[in-house]
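Only a predicted model underlies this, so the values are computations on that prediction, with no experimental measurement involved.
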Amino acid sequence: AGGESQPAAPPSTGEHITASEVTEARQLEEAVDPVAQEIETYRLATRQDYNNRRFDALEKNAAEVREERATFGNGSWKTAQFYDALACRDSEPEAMWELHDRIHREWIDAKPESVTAMVAYAEFLTDYAWRARGGGYANTVTDDGFRLFGQRLDRSFEILRQAALLGEKDPHWGLTAMTVALGQGWLKTEYDLLVAQAVAQEPKFWRYDTTRAYSLLPRWYGEPGDWEAYAEKAAARPNGLGNEVYARIVINLSGFYDDIFRESRADWAKTRAGLDAMLARYPQSLSLQNEAARLATIARDREYAAAAFARLGDRYVKDVWRKPDRFVHYRTWARTGEW
């Protein structure tokens with residue numbers, strides 16, 4: 001599944017970061033992705049309107065990005081970033097979550113016919129439910145945690161049901177509903193129907209596909225090969241994003257594997273084609289350029305990796321690599337074949 005050049009020592013044998021690579025990494029400065037900066041500016045402005053209960057401004061913002069189907073320079077939908085900007089961090093104290101709950105209820109009281117206010121509250125309640133449950137296995141969850149988890153998910157889906165009766169539709173409705181369905185343990189056929197309905201409304205809203213693929217990991221609904229088969233299906237959708245969505249699914253799930261191209265049935269050729277499409281469409285996104293270099297190295301496609309690192313130079317993006325040592329180590333392999 002790799003390129004024409006094959007390494008003498010494959011990346012899957014484990015990282016052997018040398019002292020010289022550590023020294024080189026210390027000299028790196030994290031690059032500023034201009035697209036990420038733009039997104040952060042948008043999210044901060046949106047969050048300020050929310051914190052200050054400027055509900056008219058929030059409504060105007062959401063309506064505009066929804067109508068325009070606007071995206072940022074990395075393909076991220078502005079609608080998705082709008083709702084992400086409202087999130088309460090899991091590290092916040094309970095009092096902060098209670099404050100968020102009050103703000104959302106005030107928003108709905110002020111705008112009772114607003115699909116934006118309802119979807120935002122449903123999204124908050126879904127996050128609040130998972131906070132109560134925690135991220136561990138079922139045997140680590142307290143009885144109170146399960147009770148609050150169920151109650152908050154039920155309330156979230158009830159609000160989504162009310163929002164569905166409104167004339168205006170919002171693509172984030174389907175995304176929130178999918179997260180609720182995962183928590184409530186819907187049957188796979190029911191979940192598939194929900195996904196199909198969401199995709200029919202917005203076939204290019206790629207978070208539906210990354211979310212559905214995640215739910216098909218063996219820890220949820222899937223068996224080995226299920227998410228990969230879904231990724232193939234999503235890429236083949238006539239009115240979708242083609243191989244771009246395949247690559248986005250692989251990027252999203254790669255963190256669940258040490259080597260996604262050997263531990264799963266992910267196809268590097270399709271991923272590479274999707275990366276090429278995104279790099280051509282979103283040339284300003286440093287994060288996508290870093291992802292291309294990272295995934296090519298994991299796939300042992302040295303030719304592709306070397307070209308990707310040559311374009312990057314020293315422009316290391318922390319969110320992709322987590323630590324600069326790894327960026328330097330992968331780049332060394334792309335240049336020399338030494339792992």
Side-chain angles (χ1 to χ4, degrees), residues 35 39 61-84 115-116 118-120 122-123 126 157 160-161 163-182 186-217 220-222 225-253 266-267 269-282 285 288 291:
V35 178
I39 291 172
N61 182 349
E64 287 176 353
V65 298
R66 198 161 46 228
E67 181 179 358
E68 295 169 5
R69 291 175 167 79
T71 61
F72 286 100
N74 60 0
S76 176
W77 280 55
K78 288 189 176 181
T79 294
Q81 294 296 342
F82 173 88
Y83 288 104
D84 286 351
V115 67
T116 307
M118 288 189 182
V119 170
E123 178 87 351
T126 304
F157 197 65
L160 288 173
R161 264 201 273 252
L165 300 176
L166 300 174
E168 193 168 16
K169 305 302 179 185
D170 188 302
H172 213 79
W173 186 100
L175 194 62
T176 305
M178 289 165 66
T179 308
V180 173
L182 189 65
W186 289 21
L187 294 175
K188 192 173 181 179
T189 52
E190 295 173 332
Y191 200 110
D192 281 336
L193 180 59
L194 178 62
V195 175
Q197 291 171 340
V199 167
Q201 180 183 330
E202 287 291 355
K204 291 183 172 63
F205 190 76
W206 52 264
R207 280 205 191 182
Y208 295 148
D209 295 310
T210 56
T211 300
R212 180 46 171 158
Y214 168 76
S215 75
L216 289 170
L217 288 169
W220 296 110
Y221 287 107
D226 280 0
W227 75 256
E228 299 93 327
Y230 178 83
E232 296 259 5
K233 179 182 175 183
R237 189 181 302 138
N239 52 355
L241 293 174
N243 284 322
E244 175 182 331
V245 80
Y246 191 97
R248 289 194 182 275
I249 289 171
V250 171
I251 290 170
N252 193 57
L253 297 185
D267 184 276
K270 281 187 168 55
T271 305
R272 183 178 57 201
L275 289 168
D276 284 341
M278 286 192 285
L279 293 173
R281 195 170 295 155
Y282 310 114
S285 174
L288 288 176
E291 285 288 4

- Taking every non-hydrogen atom, the tightest pair across Ala235 and Asn243: CB-OD1, 4.1 Å
- To the nearest 0.5 Å, tell me how far Thr71 OG1 sits from Trp206 CH2. 10.5 Å
- Query: In terms of side-chain geometry, is the basic nitrogen of Lys78 or Glu68 positioned less than 4.0 Å from the acidic oxygen of its partner?
  - Reply: no
- Message: Quick check against the 3.5 Å criterion: does Ser76 have a side-chain atom that pairs as donor or acceptor with the backbone of Phe72?
- Response: no
- Item | Minimum-distance pair of heavy atoms, taken over all atoms of Ser285 and Leu288 | OG-N, 3.2 Å
- Query: Does any non-hydrogen side-chain atom of Pro171 lie less than 4.5 Å from one of Tyr208?
  - Reply: yes
- Taking side chain as C-beta onward, heavy atoms only, is Tyr83 less than 4.5 Å from Thr176? no
- When rounded to the nearest 0.5 Å, the distance separating CG of Leu165 from CG of Leu160 is 11.0 Å
- Task: State whether the side chain of Tyr246 and the backbone N or O of Asp267 hold a donor-acceptor pair below 3.5 Å, judged by distance alone.
- Result: yes
- Query: Side chains of Phe205 and Leu175: does their closest heavy-atom pair fall under 4.5 Å?
  - Reply: yes
- Query: Ile251 and Leu275: side-chain contact (heavy atoms from CB on, under 4.5 Å), yes or no, with the steps?
  - Reply: CA-CA 10 Å; Ile251 290 170; Leu275 289 168; 4.2 Å; yes
- Query: What distance do Glu123 atom CD and Thr179 atom OG1 have between them, rounded to the nearest 0.5 Å?
  - Reply: 6.5 Å
- Message: Do Leu194 and Trp186 have side chains that approach each other closer than 4.5 Å (heavy atoms only, starting at C-beta)?
- Response: yes
- Note on the structure: Nearest heavy-atom approach of Ala198 to Gly174 is CB-CA, 4.3 Å
- Query: Does Lys188 NZ have over 12 foreign heavy atoms under 6.0 Å away?
  - Reply: yes
- Item | Separation of Thr271 OG1 from Asp276 CG (nearest 0.5 Å) | 11.0 Å
- Note on the structure: For Asp84 and Arg207 the tightest heavy-atom approach is OD2-NH2, 2.7 Å
- Item | SB check Arg248 Asp209 (cutoff 4.0 Å) | no
- Message: Looking only at side-chain N and O atoms, does Arg212 offer a donor or acceptor that is under 3.5 Å from a partner on Ser215?
- Response: yes
- Quick one: pull up CG in Asn61 and CZ in Arg66 and give me the separation to the nearest 0.5 Å. 10.0 Å
- Message: Any non-hydrogen side-chain atom of Leu193 less than 4.5 Å from a side-chain atom of Gln197?
- Response: yes
- Note on the structure: Note: Pro203 and Arg237 closest approach over all heavy atoms is O-NH1, 3.2 Å
- Task: Please examine the side chains of Lys204 and Trp77, heavy atoms only from C-beta on, and report whether any two atoms are closer than 4.5 Å.
- Result: yes
- Query: Is any side-chain heavy atom of Glu291 less than 4.5 Å from a side-chain heavy atom of Asn74?
  - Reply: no
- Message: With a 4.0 Å cut-off on N to O distance, would you call Arg69 and Glu202 a salt bridge?
- Response: yes
- Note on the structure: Value for CD1 (Ile249) from CH2 (Trp227), rounded to nearest 0.5 Å, stands at 7.5 Å
- Message: Is any side-chain heavy atom of Val195 closer than 4.5 Å to one of Met178?
- Response: yes
